[in-house]
Number of protein chains: 2
Amino acid sequence: MTRSLHHRAIENLGTRIVSGELPAGHIMLAEKLEDELSVSRSVIREAVRVLQSLGLVETTKRVGIRVLPPSRWNPFDPQVIRWRLASDARGAQLRSLAELRSAVEPAAAELAAQNAPAPLRLELVDVAHAMRDAGNKGEVPRFLELDIQFHSLLLSGSGNEMFANLMGQVAETLTGRTVHGLMPDHPHEAALQWHVDVAEAIARGDASAAREASDKIMRRTMSQMSETWTEQPRVFIPVHR
Amino acid sequence: MTRSLHHRAIENLGTRIVSGELPAGHIMLAEKLEDELSVSRSVIREAVRVLQSLGLVETTKRVGIRVLPPSRWNPFDPQVIRWRLASDARGAQLRSLAELRSAVEPAAAELAAQNAPAPLRLELVDVAHAMRDAGNKGEVPRFLELDIQFHSLLLSGSGNEMFANLMGQVAETLTGRTVHGLMPDHPHEAALQWHVDVAEAIARGDASAAREASDKIMRRTMSQMSETWTEQPRVFIPVHR
DNA sequence: GAGTTTTGATGTCTGCACACATCGGTGTCA
DNA sequence: TGACACCGATGTGTGCAGACATCAAAACTC
């Protein structure tokens, strides 16, 4: 199952740039890329255009295609995130996503309590209960699935399309947690109850209670994960101008 | 100062899609676009590739270039945001950004208090004081400039590249506020002090105080703006699968 | 209605002309 | 002689035109 050629070119170059194999400032020539990847100019040009829109490269006449520093990359682009998760920066990317998530979810819970459509509220309660059951029984795969569904519903119910868009990335962090063995066999009982609390608060439209319970979940999650991150270097993006 | 042709093609199509002039499901043919925009095939193809990576269109053989629904768009892409701000959905976009910002900034303040480099902390304090002065004197343009700089420094100081990347969009919401006449001539005195509180808490590494003060600012900002948004329809992105 | 053929649009490749930033040589002036 | 401004050569991206390949929708056959 191989996508189009230009898609493969994007993958190839994107992966190598994000991994650091092609460092910032490195200059590539379109012609070189043609025979390196054994594709035609049009394929390279289309790929470069996409990478350009992601902030990974810039083109200059008479110079070539220049790799840009990480501070110029679009950190919200799903492809960039995927490439970073597949690179040495996986830990830093997971931390960034977790921090974003822990900031957004309580806000999303608050908004969902105010705005979510009724059916979504009911589904959220159902999922929270099913989640608690699966957690208590130690059914880890089913628990993970329900966990992802719960948080997806929560973000979606906020009615903020940016929050909702984080669903995909959230799934990554949750599954990534299990891969790293950060998920206990039996999820914390209090945490399970907090999920139910969030759902029920949203169901009855209690915004501050929803935020509060969601905040508890996030604080616990962050403190769980923060231990493994202390060695990840932080990058400070300079404020331009 | 006109950018490259493909850039203009991206602008043209992106604007028309986001504005709704080209609705979801609408099908375009590359050949039609060529003479409509009076450019060659390669220009159209490169533009379509970029729009594809933004989730605005998809291409299907034997069918053409299909416009995708808003739920498929990447809501974090700066171009998409800019196009939405220029469309009828400007209000909804500003609300989304403000909600995101009010969720992220207190978290960023907390992180900055823990991680920001020393020079940045000092600069933050300076800016906060200058901001208070400018605000008390009613120097609105200078205040706005400092306001943007303050929040940029804050997000940058978090050491989370996703937070830092929101700087540009934040500037939009702040300037957008003045355009909409939502900015009083004399900023609220308490709010000015809260900015100083945030900066000083970060300077002395008091994470919870920094979050608290930042949260006050955000809550006040949100309550100020929320009145003008009540009529903006919310869009709920369905959770796929 | 299942399988096959036709068809039409995107996907890929190539040769060419042009724009233009960079570099190096040339000329001028002190 | 040396410093500096000018200017043309060179190389690389940008844009154009046309050909063929591919492949899935649609039409057709049985």
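Note on ring orientation: taking the six-membered ring where Trp is involved, the planes of A/H151 and A/H195 are perpendicular (angle over 60°, cut-offs 30° and 60°).
Contacts of A/S42 with the nucleic acid, taken as non-hydrogen atoms under 4.0 Å apart, include base atoms. The residue A/R49 sits close only to the backbone: its heavy atoms come under 4.0 Å of sugar-phosphate atoms, none of a base.
Between the CD1 atom of A/I44 and the C1' atom of D/dG13 there is a distance of 13 Å, given to the nearest Å. Rounding to whole angstrom units, CG of residue B/L29 and C1' of C/dG11 are separated by 15 Å. Per the geometry, CD1 belonging to A/I27 stands 10 Å off P belonging to D/dT12, to the nearest Å. In this structure, the CD atom of B/E46 is 14 Å from the C1' atom of C/dG11, given to the nearest Å. What separates CD of A/E31 from P of C/dC13 is a distance of 15 Å, to the nearest Å. Taking atom CD on B/E34 and atom C1' on D/dA17, their separation rounds to 10 Å, with Å as the unit. For the pair A/H6 NE2 and C/dC13 P, the interatomic distance rounds to 13 Å; values are reported in whole Å. When the P atom of D/dG13 is taken as reference, atom CG of A/L33 falls 9 Å away, rounded to whole Å.
Side-chain to base pairing of B/R41 with C/dG11: one donor and one acceptor N or O lie within less than 3.5 Å of each other. Checked by distance alone, A/R45 brings no side-chain donor or acceptor within 3.5 Å of a matching partner on the base of D/dT14.
Ion pairing between A/E36 and A/K32 fails under the 4.0 Å rule for side-chain N and carboxylate O.
Of all heavy-atom pairs between B/L111 and B/S158, the closest is CB-O, 3.7 Å.
In this structure, A/R62 and A/S40 both approach DNA chain C, and ranking their closest nucleotides by distance from the 5' end singles out A/S40.
A donor-acceptor contact closer than 3.5 angstrom links the side chains of A/R49 and A/Q52. Defined by atom type and a distance below 3.5 Å, a donor-acceptor pair is present between the side-chain atoms of A/N12 and A/R16.
Closest to the side chain of B/K61, out of C/dT12, D/dC23, D/dG13, is D/dC23.
Note on A/T59: a side-chain N or O is less than 4.0 Å away from OP1 or OP2 of D/dT14.
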